[in-house]
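From a predicted model like this one, the values you see are computed outputs, not experimental measurements. In this chain, residues are counted from 1 in sequence order.
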Amino acid sequence: MRSVGNANKVNSAVSIQNEGEARNKQDGSWTFEEFVINKFKRIQEQLTFCLTSLYTYLPTSFLPLEVVKDMIRVLEMLQTLGTLFRTVATFKRSKEILYGVEIVTRNNGRHFRNMYATKTESIKILKSLSERISLPNITDIRSFCLKGACLIFCTASSSSKLYTEGMIPLEMVVIDEAAQLKECESIIPLQLPGIRHAILIGDEKQLPAMVQSKISEKADFGRSLFERLVIIGHKKHLLNVQYRMHPAISLFPNREFYENKIMDGPNVKEAMYEKRFLKGNIFGSYSFINISSGKEEYDNKHSTRNMAEVYVIAEIVANLYKESVASRQKVSVGCISPYKAQVFAIQQKLGQKYSTDVNSYFSVNVRSVDGFQGCEEDVVIISTVRGNGSGLVGFLSSRQRANVALTRARFCLWILGNATTLVNSGSIWKQLVIDSKARGCFFDVHEDKSLTQAILSATIEVGQIETLLSMDSPLFETA
């Protein structure tokens, strides 16, 4: 959708340039060459701003494609002319360009001939554009834009304001992330006049819409239209090829959530897609790292955290950073946990040591599962947090959140957790632990010396010294 730029911006730009001209005159007199170059520069800036604004924001119904092509062409010619002006100025021959073609060609200079021809052609095109451009009389920019638009992007709630009198009715609506949209919210764009086709894009097996009220949640208020259509048997088209995850990562979620209907793309099957960022089998493409000595605890806001897992994550990230610097290998790391207290504890532990910009050479992003939907990283570390004898995992038991967390990594996925607690939970995480053991991807944290030291530091900090004195504790021998 296009809109019209404000003409006041042009006036402001001109006034600023006039002030600059006045200041330059106060500094001293210009030579003829300096005057020509500065004058040309101001004209070029004004034309560039005006023409760019017009072909960017005016709809094609007012500005045909042929006119736009001429606008772009004349801007390129002005840029060429500016380069030629600077070249000619070094020879102190600028005056001649302002005279007739005979004087210019008599010099037999390539720069002068090119300059004169470019100047003549650009003036010709500019005169033509002034005759072919017909600016609309606009009183309401919003209505003007909607009337001329054939493609509109907006949120579901703001789509209620799309229709304006006189506009051509929209025939199709495409709802992205439709499985995360409450059914009542999906109805908003479907009520637009003229809608004949609706396309819903989403995945009902990942995060649903957020509903705070437990009563509303039990009443299925958070159910999406997408999910309702799937439940009643409406046919859906499955995009059955994934191009993100190494096959070792996609294996479990594909079987558990998608009935093995998702195929691995050719890119993830290539040998070069298997990357090792740290030495040791424990840091392969897919690993479950058992941290049996970690204890869950609650913060002031009644959210759960596990400091042993926090320290292990900090140690892994530090080692990844060292290897990245040593090998000059670009790496992006994601740390995921379902609990806000754990996310905050990890962020506090890592501090400001690492960049969060994914475009940097080494980046680390720590977020909740909900905050990670739609994202992906080279390496993902999941902290499951829960560690208790009763197998209670609460919020962690959500299959949809587990699906999101397990499908964010490209090359390596390392899951930290208390295997006993997760198995006793009877949730999806029980199946994950059993699967990792069957595939030889199950490791104990004490198999790595640096991680064992991290566990020891966490134990001392949280005051669980009695753990070190227990003969059954793996930390006893290390201590």
Do the side chain of [X] and the main chain of [Y] share a donor and acceptor less than 3.5 angstrom apart?
X      : Y      : result
Thr80  : Glu76  : yes
Glu270 : Met272 : no
Asn365 : Thr356 : yes
Thr56  : Thr52  : yes
Ser425 : Leu422 : yes
Ser427 : Ser397 : no
Gln347 : Val366 : yes
Asp264 : Lys269 : no
Ser287 : Ile282 : yes
Tyr361 : Arg328 : yes

Would you tell me whether [X] and [Y] have side-chain atoms, one donor and one acceptor, within less than 3.5 Å of each other?
X      : Y      : value
Asp370 : Ser368 : no
Glu297 : Asn306 : no
Asn403 : Tyr258 : yes
Ser158 : Thr155 : yes

Could you report the tightest heavy-atom contact between [X] and [Y], atom names first, then the distance?
X      : Y      : result
Ser360 : Lys330 : O-CE, 3.3 Å
Arg408 : Gln373 : NH1-C, 4.3 Å
Leu432 : Phe288 : CD2-CD1, 3.6 Å
Phe372 : Gly334 : CZ-CA, 3.8 Å

> Aromatic ring centroids of Phe283 and Phe277 under 6.0 Å?
Replying inline: no
In this structure, are over 12 heavy atoms from other groups packed under 6.0 Å from [X] atom [atom1]?
X      : atom1 : value
Leu65  : CG    : yes
Tyr321 : OH    : no
Asn281 : CG    : no
Lys236 : NZ    : yes

>> If the test is side-chain contact (heavy atoms from CB on, under 4.5 Å), which one of Val423, Thr421, Asn290, Ile415 qualifies with Val433?
In response: Val423
> Applying the side-chain contact (heavy atoms from CB on, under 4.5 Å) test to Met71, which of Leu47, Ile133, Leu126 qualifies?
Replying inline: Ile133
Find out whether [X] and [Y] are in side-chain contact, i.e. whether some heavy atom of one side chain is under 4.5 Å from a heavy atom of the other.
X      : Y      : value
Phe226 : Leu181 : no
Lys182 : Phe221 : yes
Arg244 : Val268 : no

>> Salt bridge check, Glu323 against Arg276: does any charged N sit closer than 4.0 Å to a carboxylate O?
In response: no
> Stepwise, does the side chain to side chain contact (heavy atoms under 4.5 Å, CB included) test hold for Arg399 with Lys205?
Replying inline: CA-CA 8 Å; Arg399 288 178 60 86; Lys205 297 185 183 298; over 6 Å; no
> Would Arg132 and Glu66 satisfy salt bridge (charged side-chain N to carboxylate O under 4.0 Å, His left out), going step by step from the backbone distance to the final call?
Replying inline: CA-CA 10 Å; Arg132 289 188 290 165; Glu66 294 75 16; over 6 Å; no
>> Run the salt bridge (charged side-chain N to carboxylate O under 4.0 Å, His left out) test on Arg255 and Asp435 for me, step by step, so that the C-alpha distance in whole Å, both residues' side-chain angles and the decisive distance to 0.1 Å come before the verdict.
In response: CA-CA 11 Å; Arg255 183 176 68 240; Asp435 172 76; 2.7 Å; yes
>> Which label fits Phe252 and Phe257: parallel for a plane angle under 30°, tilted from 30 to 60°, or perpendicular past 60°?
In response: perpendicular
> Picking from Thr304, Thr384, Asn418, Asn388, what satisfies side chain to side chain donor-acceptor pair (under 3.5 Å) with Glu296?
Replying inline: Asn388
>> The test is side chain to side chain donor-acceptor pair (under 3.5 Å); show your working for Ser355 and Asp357 and say whether it passes.
In response: CA-CA 5 Å; Ser355 172; Asp357 183 3; 5.3 Å; no
